Protein chains: 2
Amino acid sequence: MSVTAAKGFTAAGIAAGIKESGGPDLALVVNQGPGRAAAGVFTSNRVKAAPVLWSEQVVKGGQVTCVVLNSGGANACTGPAGFQDTHATAERAAEVLGHSAGEVAVASTGLIGLRLPMDALLTGIGTAAEQLSADGGERAAVAIKTTDSVHKTAVAVRDGWTVGGMAKGAGMLAPGLATMLSVLTTDADVDAAELDAALRAATRTTFDRADSDGCMSTNDTVLLLASGASGARPDREEFAEAVREVCADLARQLIADAEGASKDIRIEVTGAASEDDAVEVGRSVARNNLLKCALHGEDPNWGRVLSAIGTTSAAFEPDRLNVAINGVWVCRGGSVGDDRDLVDMRGREITVTADLAAGDASAVIWTNDLTADYVHENSAYSS
Amino acid sequence: MSVTAAKGFTAAGIAAGIKESGGPDLALVVNQGPGRAAAGVFTSNRVKAAPVLWSEQVVKGGQVTCVVLNSGGANACTGPAGFQDTHATAERAAEVLGHSAGEVAVASTGLIGLRLPMDALLTGIGTAAEQLSADGGERAAVAIKTTDSVHKTAVAVRDGWTVGGMAKGAGMLAPGLATMLSVLTTDADVDAAELDAALRAATRTTFDRADSDGCMSTNDTVLLLASGASGARPDREEFAEAVREVCADLARQLIADAEGASKDIRIEVTGAASEDDAVEVGRSVARNNLLKCALHGEDPNWGRVLSAIGTTSAAFEPDRLNVAINGVWVCRGGSVGDDRDLVDMRGREITVTADLAAGDASAVIWTNDLTADYVHENSAYSS
């Protein structure tokens, strides 16, 4: 159902000839109204792609009519000419759809440092516009894939209104503010400020806590568009929770499809003095290559968890740390705990629990194992 | 020549039965004097192994007579019992050699979270003491290897005095203050304060700037012992430079032998506003798994360099960044530069130059590529 699950949206996904493979590579998402409110969060990487710089400005206006998304090229590190390409993309969509370019957001994904094939892209926008439909959400989700093996969509249906969305991302997957490309839509009647608050709250505990490979992208974009077509004005908290549910679902799908991964790893930090401490520890554990290799090998190597915790500034005493792997407390009081042979790691999902014994705060960070397949995929990507 | 290159030192390396493989696993380094001055730097990981906690106290006294080093077990995260094991190790060496345990430093390396086989270790100390000799440095260097494929030694000979050393380390190789185990010796007549100053200055720009896999150890130890046996009192700066030379040589050997590596990567950050900025950027680039995969595949993927720079707080403007790979400026002004096909990456050593165009400071960080062999080695290490 994707971005067209909510009323008031049409979408399309086509093969425009941007990817050398000839696969689907261009998506349009159009808000047919009556409302146009929108919000967005973007990468905190200081090296930002041209479409991020453009769309940040568009979203500041609080209204988005159309989102143009392409795979096959990130349009990052392409200089002023690359920014002109993004501008021309928005102008073309505005012309075809009869709107203002200032309400057209653009998102790109693919290799950094390459100019986009603009003839193919601009022609493709016309073709895609002709194919816009109220059931085009799936095709749009397919068209934004890069190394993703499956397309990702999610929907939360409530009483009279809906939040839906799509996302892509499989590598360079570690959030600053958000990671990857994602577009969410709703037919609820919600203004831009409330959309912004709901989206920031949702991404903070979902996309922001997916950390597959520690590498922050130049193109991360999450947009939330509201058509108001349902006429419903949901309770603020209920709406925020629906947005969070869709973001969490999509973030979980990103982790499940991460490049080369054979294990989805839930890092659960408990007993922290603050949520910030819990996130810092979770992220440090999630980024420890040695641990990620060990979990790949189904080795409950808790020593590598402690060595990662030890690099943080979180409040803890080394001799009070406890670590469980899939529920078995293999480390107690900073030392050897229960028998590591009790740990069953054969399933795809592994939970690492790190108890800092320093307070009541907690956080969950999702990551993956580090595999030879990840190395293979990323040593050959642009060659 | 190792730790016995300098006059006044004896050493031994034996197979004490600590390693299951039966290979060499215990080393002694003894300062025969007349001087006993010493200095040390240790891991800044807050989860510190028992021998680190012990040796930090010993070094505070400014005198070290003997260093006991073992491979086959890190004695980290072993609780109060593990600390008692280290204490007993020092007591045993003191008893055998007729010195005070308060002047015996201990260093251990191997798996975290396992108690050492103390019978084998204590018996081994007696055996090793009988084999101490003025040419035992090489055997000591061999005995501290874990996943190292070769042993590492270095010597700087000056006019009438010498600095020599040995080191081990191939994984969990990213410095806090220092990384891995290393013992340096000199026959120069230098007091503890000057040793400390020379050692801290040397490790700051050598071991501290080797970052193979971003994983900081619980056991990092670098010791510098002075016998004064040459009778020479070198100029302070000349001495510091000799210590730096030996540290740099050993650090470079660590990188060359890092687990699974097929490329040694020199990250050279120039044009930084400060040395701290240069180090932060160098480390961020060195820890970027995607770049490390790309360099493994001989792909001059400068976009991944920029995405790593963008995550730092260093002073720079994205559109002024320049990146060269093996001397070819593939990125100029934050965008596409010279033809990437001009880059020859067939050799083992690769230089990535990141010019921040923000000042005159610079720094060099050494790292390795990320390979399937690294994953294989570290997913099977403790199983």
Side-chain angles (χ1 to χ4, degrees), chain A residues 45-48 74 76-79 81-82 111-115 171-172 176 213-218 287-291 293-294 296-299 301-304 306-312 316 318-319 321 331 333-336 369-372 374-383, chain B residues 44-48 74 76-79 81-82 111-115 171-172 176 213-218 287-290 293-294 296-299 301-304 306-312 316 318-319 321 331 333-336 369-372 374-383:
Chain A
N45 198 309
R46 292 168 60 201
V47 175
K48 295 180 202 299
C77 307
T78 46
L111 275 185
I112 296 173
L114 291 179
R115 294 281 301 278
M172 205 175 271
D213 61 3
C215 299
M216 191 198 299
S217 162
T218 49
R287 292 183 176 182
N288 189 278
N289 279 351
L290 286 172
L291 177 67
C293 287
H296 175 54
E298 302 186 351
D299 169 14
N301 196 320
W302 58 267
R304 294 176 180 177
L306 259 65
S307 75
I309 296 173
T311 65
T312 69
F316 70 84
D319 60 0
L321 295 171
C331 169
S335 184
V336 184
D369 55 343
L370 180 58
T371 69
Y374 176 89
V375 174
H376 292 146
E377 189 159 345
N378 287 297
S379 55
Y381 185 64
S382 78
S383 333
Chain B
S44 60
N45 198 310
R46 292 170 59 202
V47 175
K48 296 180 203 299
C77 306
T78 45
L111 274 185
I112 296 173
L114 291 179
R115 294 280 300 279
M172 204 173 273
D213 61 4
C215 299
M216 191 198 300
S217 162
T218 50
R287 291 183 177 183
N288 189 279
N289 279 351
L290 287 172
C293 287
H296 174 54
E298 302 187 350
D299 169 13
N301 196 320
W302 59 267
R304 293 176 180 176
L306 259 65
S307 76
I309 297 173
T311 65
T312 69
F316 70 84
D319 60 1
L321 295 171
C331 169
S335 184
V336 184
D369 55 344
L370 179 59
T371 69
Y374 176 89
V375 174
H376 292 145
E377 189 159 345
N378 287 296
S379 55
Y381 184 65
S382 78
S383 330

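Letters go in sequence order (proteins before strands), and every chain restarts at 1. This one's a predicted model, so the numbers in the text were calculated from it and none came from an experiment.
No other option in N289(B), T371(B), V336(B) has as many heavy-atom pairs under 4.5 Å with chain A as N289(B). Interface summary for chain B: among G113(A), C293(A), C331(A), the most heavy-atom pairs under 4.5 angstrom belong to C293(A). By number of non-hydrogen pairs under 4.5 angstrom with chain B, the leading residue of I309(A), T311(A), L321(A) is T311(A). Highest contact tally toward chain A, considering only A76(B), A308(B), C77(B), is held by C77(B) [criterion: heavy-atom pairs under 4.5 Å].
Minimum heavy-atom separation, S335(B) to G79(A): OG-N, 3.5 Å.
Within the 4.5 angstrom heavy-atom criterion, no atom of D319(B) approaches chain A. Contacts of L291(A) with chain B are absent, with no heavy-atom separation under 4.5 Å from either backbone or side chain.
A 4.5 Å side-chain heavy-atom check between Y374(B) and V375(A) finds every atom pair outside the cut-off. Contact of the I112(A) side chain with the L306(B) side chain is not registered, since no non-hydrogen atoms from C-beta on lie closer than 4.5 Å.
Rounding to the nearest 0.5 angstrom, the gap separating the NE2 atom in H296(A) from the CG atom in N378(B) is 11.0 Å.
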